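Being a predicted model, the structure only gives us computed values, none of them experimental.
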Number of protein chains: 4
Amino acid sequence: MPKKVDRARRREEILAAAVRVFARRGYAAARIDDVAREAGIAKGSVYLYFDGRESLLHAAFEDVAARSAELLREAAEGDGTAAERLAALVRGAVTELSADRDLARVLLDIWAAGRDADSPVDMAAAYRDYRAAVAALLEQARAEQARAEGVSAEGAARAVVTPDAHAAVVVGALEGCLLQWLFDPAVDPAALAEPLVRLLVPGAGAGAGAGAGSGSGGDGPRPR
Amino acid sequence: MPKKVDRARRREEILAAAVRVFARRGYAAARIDDVAREAGIAKGSVYLYFDGRESLLHAAFEDVAARSAELLREAAEGDGTAAERLAALVRGAVTELSADRDLARVLLDIWAAGRDADSPVDMAAAYRDYRAAVAALLEQARAEQARAEGVSAEGAARAVVTPDAHAAVVVGALEGCLLQWLFDPAVDPAALAEPLVRLLVPGAGAGAGAGAGSGSGGDGPRPR
Amino acid sequence: MPKKVDRARRREEILAAAVRVFARRGYAAARIDDVAREAGIAKGSVYLYFDGRESLLHAAFEDVAARSAELLREAAEGDGTAAERLAALVRGAVTELSADRDLARVLLDIWAAGRDADSPVDMAAAYRDYRAAVAALLEQARAEQARAEGVSAEGAARAVVTPDAHAAVVVGALEGCLLQWLFDPAVDPAALAEPLVRLLVPGAGAGAGAGAGSGSGGDGPRPR
Amino acid sequence: MPKKVDRARRREEILAAAVRVFARRGYAAARIDDVAREAGIAKGSVYLYFDGRESLLHAAFEDVAARSAELLREAAEGDGTAAERLAALVRGAVTELSADRDLARVLLDIWAAGRDADSPVDMAAAYRDYRAAVAALLEQARAEQARAEGVSAEGAARAVVTPDAHAAVVVGALEGCLLQWLFDPAVDPAALAEPLVRLLVPGAGAGAGAGAGSGSGGDGPRPR
DNA sequence: AATGAATGAGCGTTCATTCAT
DNA sequence: TATGAATGAACGCTCATTCAT
């Protein structure tokens with residue numbers, strides 16, 4: 001008659017406690033004892049569910065990564081045009097990341113820790129996947145636009161910014177906006193979602209240079 | 001005052017050594033002893049030039065901040081249109097940050113450490129300044145465009161994305177692209193400079209939504 | 001009383017498991033969990049049969065001590081001359097100790113732990129008894145020899161090495177040979193039994209000083 | 001102008017303190033803090049001279065091993081007959097080991113710890129060397145005897161106990177007598193030196209089987 | 001009786017900082 | 001100014017033991 005503890009639930013409780021502590025003190029200053037106290041258990045018990053301190057950070061990363069992966073999957077499989085799905089992805093990412101400020105804060109520590117090649121956290125792969133998904137959507141979006149508007153537009157757009165570079169900018173902007181919010185709560189992520197979409201999702205609205213060609217008549221965007 | 005010069009130079013040598021060590025091992029794993037060895041001095045001597053371990057990180061941040069401030073000053077005082085100056089700022093920021101990978105890596109640690117309100121590093125202020133400068137340039141750029149193209153364009157663009165939000169996206173994209181490069185050297189910052197400019201600097205080229213207004217005729221960018 | 005039997009059997013199973021674990025990892029590195037797993041029970045159950053970790057080591061010692069005591073009893077009560085019984089004791093001790101290498105290995109830990117005066121293991125008494133038994137046999141053997149060969153020999157031998165000292169050497173040699181076997185399996189205890197007997201049991205064959213009798217003519221060392 | 005501390009001397013002081021603590025409490029129960037306090041320094045300072053706790057034990061072993069090696073060297077290179085040198089070796093070993101009871105006690109812990117194959121202490125090799133040296137002396141001693149007394153004696157002796165086995169018994173007896181002294185201070189090692197020599201060094205006096213030659217007449221055991 | 005989750009005291013080790021030289 | 005030996009507080013982790021089930 002073994003005691004029945006829901007290992008998975010207990011693990012999640014501890015992880016949530018760890019995220020709160022990491023967010024409050026920073027990973028570097030977070031003590032296992034703090035995590036245990038926050039979780040309402042004894043220090044040693046943490047080790048029944050996690051391999052060690054670093055393992056907690058890693059688990060937090062996997063949480064974030066799993067959410068990201070879910071968003072990417074939805075964007076890839078979802079309905080609507082590619083532009084719509086990309087816009088939804090951007091909006092979703094902002095919503096997701098800004099939903100749990102503690103977790104977002106911990107992301108900074110994950111970034112700092114994950115920079116090492118020997119880190120269990122493969123940030124390079126995570127962002128590579130992210131970029132690849134966004135780039136694919138961008139290409140589809142361009143194709144859609146080209147179909148709707150004519151070949152010249154497609155050619156012109158493609159000449160300007162490659163999908164890969166564009167994707168890097170999109171992903172970067174997302175993370176960069178998150179970063180500013182973390183440093184300064186006055187930066188409202190919700191208020192940045194739409195600007196991100198409009199500025200970076202093709203066909204979603206006025207881009208930065210949109211005005212350039214707007215009133216001018218037939219002249220499309222000019223390279224350089 | 002040769003002594004003063006020597007002292008300043010020695011301080012810089014130590015800071016440079018610290019940045020190398022921080023970049024190599026990460027701030028968390030960097031030992032004062034490592035820094036001293038890298039600088040070719042004794043451990044205790046570090047304390048003759050810096051208050052302590054954290055002080056080294058702070059000094060590294062001030063280095064980065066000073067370079068940023070210089071760029072912002074140039075952008076504010078420089079010649080050319082606001083759009084040109086903004087483009088130059090973006091290009092300069094990319095160049096600057098990617099010039100010293102070690103320093104850029106340390107930025108991750110600075111971010112992680114500077115997240116706390118009690119940190120000596122005021123990241124919030126640094127990015128606030130950054131955004132303000134970019135927002136000012138954006139507004140100027142829009143004014144320039146409006147002057148060149150007519151009132152309707154200005155109004156339309158302004159309605160879509162506020163300069164502050166736009167600035168946050170610009171700054172975020174810069175930092176976010178840097179981030180990706182740090183995780184994955186295959187991401188080439190130099191190759192991202194131009195895309196950043198084209199996508200985010202008004203009047204610099206085809207924006208994401210550029211195609212929207214391209215072939216469509218006289219109708220400017222449509223909201224939503 | 002089936003319960004009693006079961007309980008004793010279970011206790012022995014656990015002890016055997018403990019001996020295997022101690023032998024494998026060393027007592028210092030042996031975990032109660034290891035013992036439990038080896039015994040196929042839960043960790044907490046060990047405490048139903050033993051007071052604690054140290055108690056397991058103590059029980060292992062008692063096992064060894066009991067076997068020794070049995071050998072000593074047989075030697076004291078057995079048939080044959082004292083020399084024969086002493087030789088049998090030596091051979092039996094070698095056989096006994098080398099029969100269970102795991103247990104012999106644990107002896108090292110018992111020695112290390114039993115060195116303290118406050119240890120529950122009274123090594124001093126154990127070896128005192130051992131020496132006393134061997135010394136008694138040695139004296140008897142000498143008396144037998146004296147009876148068979150004449151007074152002068154007895155007196156000479158006694159003058160050289162006291163029975164107590166001789167016994168200490170015999171016991172020491174036994175333990176010392178065991179020790180070497182434990183460190184180096186290439187040392188074959190079985191091959192050392194006869195040398196031990198011949199070198200240290202009076203009347204059992206050529207001693208180290210065999211040369212003493214060498215000039216005596218044709219009579220070489222006689223087996224048995 | 002670096003502080004001048006005699007590193008080697010300080011290291012020895014700490015090691016001596018460690019040996020005292022190990023002897024008092026046993027290695028298993030000895031705390032680094034105890035060692036530091038015994039040495040009159042701070043806990044952390046121990047690590048300036050030793051890699052860790054285990055390193056202290058290892059260093060203690062090397063001390064013992066070095067003394068043994070010195071004895072073996074003297075025995076191999078010394079003057080006198082092989083029998084004399086072997087006797088001197090035995091006496092020297094007893095003297096050496098019994099000179100520092102603390103160190104001898106620690107030997108028990110070294111034995112217990114060195115039993116593992118992955119231990120930094122190679123007990124097997126240490127005892128192999130010891131046996132080899134003793135075996136060589138034994139063979140020489142037999143040759144000397146044979147030369148002095150005739151071929152038949154040599155053949156007879158050799159037939160009985162091989163030099164290797166004899167050496168194992170000699171080494172074992174030494175260690176085994178030490179062991180008994182450690183458990184029971186009433187066992188006087190000094191009093192066992194001569195018995196060891198007489199019983200186990202050929203030609204050194206009456207061996208166990210001395211009686212074998214007793215029938216030869218009035219010649220009792222001859223010293224030396 | 002048996003379990004195994006929980007506990008928490010305890011220890012090895014690290015390393016930022018100090019300070020006598 | 002420079003050194004580097006010394007310090008000792010701090011912390012991650014272990015694991016023997018307990019006890020509710």
Side-chain angles (χ1 to χ4, degrees), chain A residues 1-7 10 14 28-37 39-56, chain B residues 3 6-7 10 14 28-37 39-56, chain C residues 3 6-7 10 14 28-37 39-56, chain D residues 1-7 10 14 28-37 39-56:
Chain A
M1 48 213 75
K3 260 187 260 184
K4 48 182 172 183
V5 277
D6 189 333
R7 276 194 66 84
R10 178 54 67 96
I14 296 172
R31 306 294 142 225
I32 289 285
D33 227 350
D34 299 330
V35 173
R37 199 173 307 114
I41 59 175
K43 179 163 53 162
S45 301
V46 173
Y47 292 88
L48 297 175
Y49 296 89
F50 291 91
D51 287 338
R53 207 175 85 102
E54 195 181 326
S55 177
L56 287 164
Chain B
K3 281 301 176 189
D6 279 353
R7 201 179 151 74
R10 176 59 66 96
I14 296 172
R31 306 294 147 225
I32 289 285
D33 225 352
D34 298 329
V35 173
R37 200 174 307 112
I41 60 174
K43 180 162 51 165
S45 301
V46 173
Y47 290 86
L48 297 175
Y49 297 89
F50 291 91
D51 287 339
R53 205 174 89 101
E54 202 184 17
S55 176
L56 286 164
Chain C
K3 282 300 173 187
D6 278 354
R7 197 179 154 73
R10 177 59 66 96
I14 295 172
R31 308 291 148 226
I32 289 286
D33 225 351
D34 298 329
V35 173
R37 199 174 309 114
I41 59 174
K43 180 162 54 166
S45 301
V46 174
Y47 289 86
L48 298 174
Y49 297 89
F50 291 91
D51 287 339
R53 206 173 87 103
E54 201 183 21
S55 177
L56 286 164
Chain D
M1 50 210 74
K3 261 188 259 183
K4 48 183 174 184
V5 277
D6 190 332
R7 276 195 66 85
R10 177 56 65 97
I14 296 172
R31 307 293 143 225
I32 289 287
D33 227 350
D34 299 331
V35 173
R37 199 173 308 113
I41 59 175
K43 181 162 55 161
S45 300
V46 173
Y47 292 87
L48 295 176
Y49 296 89
F50 292 91
D51 287 338
R53 206 175 86 102
E54 196 181 327
S55 177
L56 287 164

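In this model, the phosphate group of F:dA6 is approached by a side-chain N or O of D:R10 to a distance below 4.0 Å at OP1 or OP2. Dashed line: the shortest gap from a side-chain N or O of A:Y47 to OP1 or OP2 of E:dA6 is not under 4.0 Å. In this structure, A:R31 does not reach the F:dA10 phosphate: none of its side-chain N or O atoms is under 4.0 Å from OP1 or OP2.
For the pair A:L48 CG and E:dG8 C1', the computed distance is 12 Å after rounding to whole Å. As rounded to whole Å, 13 Å separates atom P of F:dT1 from atom CD1 of B:I41. Atom NZ in A:K43 sits about 12 Å away from atom P in F:dT14, given to the nearest Å. Taking atom CZ on D:R53 and atom P on F:dT14, their separation rounds to 16 Å, with Å as the unit. Remark: C1' of E:dA1 and CZ of C:R7 are 9 Å apart, rounded to the nearest angstrom. In this entry the distance linking OH of C:Y49 with P of F:dT17 reads 18 Å, nearest Å. At whole-Å resolution of the value, CG in A:D51 and C1' in F:dT14 are 14 Å apart. Between B:I32 atom CD1 and F:dT3 atom P the separation is 15 Å, expressed in whole Å.
Distance alone, capped at 3.5 Å, is enough to place a donor-acceptor pair between the C:R53 side chain and the C:A30 backbone. Using modelled atom types, no side-chain atom of C:R37 and backbone atom of C:K43 make a donor-acceptor pair closer than 3.5 Å.
Applying the Watson-Crick and G-U wobble criteria (two distances, each under 3.5 Å), E:dA9 pairs with F:dT14. Pairing for E:dT21 is with F:dA2, a Watson-Crick or G-U wobble pair whose two hydrogen-bonding atom distances lie under 3.5 Å.
Of the residues near DNA chain E, A:G40 and D:A28, the one whose nearest nucleotide (by heavy atom distance) lies more toward the 5' end is A:G40. Between A:S45 and C:G44, the residue anchored closer to the 5' end of DNA chain E is C:G44, taking for each the nucleotide with the nearest heavy atom. Nearest-nucleotide positions on DNA chain F for D:A42 and A:A29 put D:A42 closer to the 5' end. Ranked by how close their nearest DNA chain F nucleotide is to the 5' end, C:G52 and A:A30 are led by A:A30.
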Intermediate values then yes/no, side-chain contact (heavy atoms from CB on, under 4.5 Å), D:D51 and D:L56: CA-CA 8 Å; D:D51 287 338; D:L56 287 164; over 6 Å; no
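A salt bridge is defined here as a Lys NZ or Arg NE, NH1 or NH2 lying under 4.0 Å from an Asp or Glu carboxylate O, and A:D34 with A:R31 fails to meet this definition.
The closest side-chain heavy-atom distance from C:L48 to C:R10 is not below 4.5 Å.
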